[in-house]
Amino acid sequence: RKQSRKQPSGQEIRKMQKKHDGLEQAKQYALRSLTCYSQTENQIKRKLQAKAFDNEIIAETLEFLKAYHYIDDERFVEEYVATHCGRMNRKQILERLHGKGIYNASIEEYLQDADYDEEQLLQNEIAKYRRSKTVANPAQIDKMKVYFMKKGYSMSLVRACINEIE
């Protein structure tokens with residue numbers, strides 16, 4: 001005896017087609033976003049949410065992008081640290097990555113693995129600062145110390161680098 005399969009109604013077919021179309025639109029939008037530059041999973045998710053895609057479609061789109069390695073947060077962190085470690089200090093890199101939705105512990109590993117010398121970076125920034133501003137009296141030196149500590153450098157490192165220069 002054959003079992004009869006229930007045929008989907010016209011409304012169910014339209015609903016499935018709408019979901020399929022929405023998924024395809026979300027994939028195309030995400031892929032277009034990734035053609036310009038690498039982005040994190042969280043950045044793509046926020047963009048899709050801003051376009052008012054359904055949460056289920058967003059989840060499926062992210063799975064698709066991960067399956068084909070279009071988004072890979074570990075690779076993003078590695079590339080970001082390698083690119084920016086010569087221009088930004090540790091705190092600045094961490095803040096930027098947190099802003100992109102990355103909070104994992106591997107950031108520290110990549111910072112340690114990268115050719116990253118925060119002292120040399122600070123010395124270069126101090127030299128640049130001193131070219132543009134006169135630093136002659138103790139009040140100006142204190143102001144310079146505060147400036148670099150606000151940028152995320154430790155107090156001990158700032159003191160050591162400024163004492164080297166003086």
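For clarity, every value in this text was computed on a predicted model and none was experimentally measured.
- If you take CD on Glu74 and CD1 on Ile107, they are separated by 9.0 Å, rounding to the nearest 0.5 Å.
- Heavy-atom minimum distance, Ser33 versus Lys47: OG-CD, 3.9 Å.
- Lys151 and Glu125 are joined by a salt bridge, as a carboxylate oxygen and a charged side-chain nitrogen come within less than 4.0 angstrom of each other.
- Note: Leu157 CG to Leu121 CG = 9.5 Å, rounded to the nearest 0.5 Å.
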Which atom pairs, donor and acceptor, lie under 3.5 Å between side-chain atoms of residues 136-144 and protein residues at least two apart or in another chain?
residue: Asn137; atom: OD1; partner: Ala139; partner atom: N; Å: 3.1
residue: Asn137; atom: OD1; partner: Gln140; partner atom: N; Å: 2.8
residue: Gln140; atom: OE1; partner: Ala136; partner atom: N; Å: 2.7
residue: Gln140; atom: OE1; partner: Asn137; partner atom: N; Å: 3.2

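- The distance from atom CD of Glu118 to atom CG of Leu111, rounded to the nearest 0.5 Å, is 9.0 Å.
- Shown here are the side chain to side chain contact (heavy atoms under 4.5 Å, CB included) partners of Lys100, two or more places apart in sequence or in another chain: Thr40, Gln43, Phe76, Tyr80.
- Rounded to the nearest 0.5 Å, atoms CG (Asp54) and CG (Leu48) are 11.5 Å apart.
- Under the 4.5 Å side-chain heavy-atom criterion for ILVMFWY residues, a single connected hydrophobic cluster contains both Ile71 and Ile57.
- Here Arg75 pairs with Glu79 in a salt bridge; the nearest charged N to carboxylate O distance falls below 4.0 Å.
- Using a 3.5 Å distance cut-off with no hydrogens or angles, the side chains of Gln25 and Asp21 do not pair a donor with an acceptor.
- Hydrophobic clustering of Ile, Leu, Val, Met, Phe, Trp and Tyr side chains at less than 4.5 Å, counting indirect connections, unites Ile102 with Met88.
- With hydrophobic clusters built from ILVMFWY side chains whose heavy atoms lie under 4.5 angstrom apart, Leu34 does not share a cluster with Leu97.
- Here the closest non-hydrogen pair linking Val158 and Tyr153 is CG2-CB, 3.6 Å.
- Heavy atoms only, all atoms of each residue included: Phe53 and Ile58 are closest at O-CD1, 3.5 Å.
- Side-chain atoms of Glu41 do not come within 3.5 Å of backbone N or O of Asp73 as any donor-acceptor pair.
- Taking both residues in full, the closest heavy atoms of Ala30 and Thr61 are given as CB-CG2, 4.1 Å, listed atom of the first, atom of the second, then distance.
- Cation-pi check for Lys133 over Tyr129 is met; the charged atom lies under 6.0 angstrom from the ring centroid and within 45 degrees of its normal.
- Once rounded to the nearest 0.5 Å, the distance linking CD of Glu60 with CG of Leu65 reads 12.0 Å.
- Environment of CE in Met149: crowded, with over 12 heavy atoms of neighbouring residues, nucleotides or ligands closer than 6.0 Å.
- For Glu95, the salt bridge (Lys or Arg N to Asp or Glu O under 4.0 Å) test picks out Lys91, with sequence neighbours left out.
- Note that CZ of Phe64 is 8.0 Å distant from CD of Glu24, once rounded to the nearest 0.5 Å.
- Tyr68 and Leu23 end up in the same hydrophobic cluster when Ile, Leu, Val, Met, Phe, Trp and Tyr side chains are linked at under 4.5 Å.
- When hydrophobic clusters are built by joining Ile, Leu, Val, Met, Phe, Trp and Tyr residues whose side-chain heavy atoms come closer than 4.5 Å, directly or via intermediates, Tyr103 is not grouped with Ile44.
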Pair Lys145, Tyr147 - check side chain to side chain contact (heavy atoms under 4.5 Å, CB included), show working. CA-CA 5 Å; Lys145 287 178 184 177; Tyr147 173 80; over 6 Å; no

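- In terms of modelled atom types and a separation under 3.5 Å, the side chain of Asp72 and the main chain of Lys66 share no donor-acceptor contact.
- Of all non-hydrogen atoms in Cys161 and Glu119, the two that sit nearest each other are SG-CG, 3.7 Å.
- Counting heavy atoms from C-beta outward, Arg87 and Gln92 have side chains that stay 4.5 Å or more apart.
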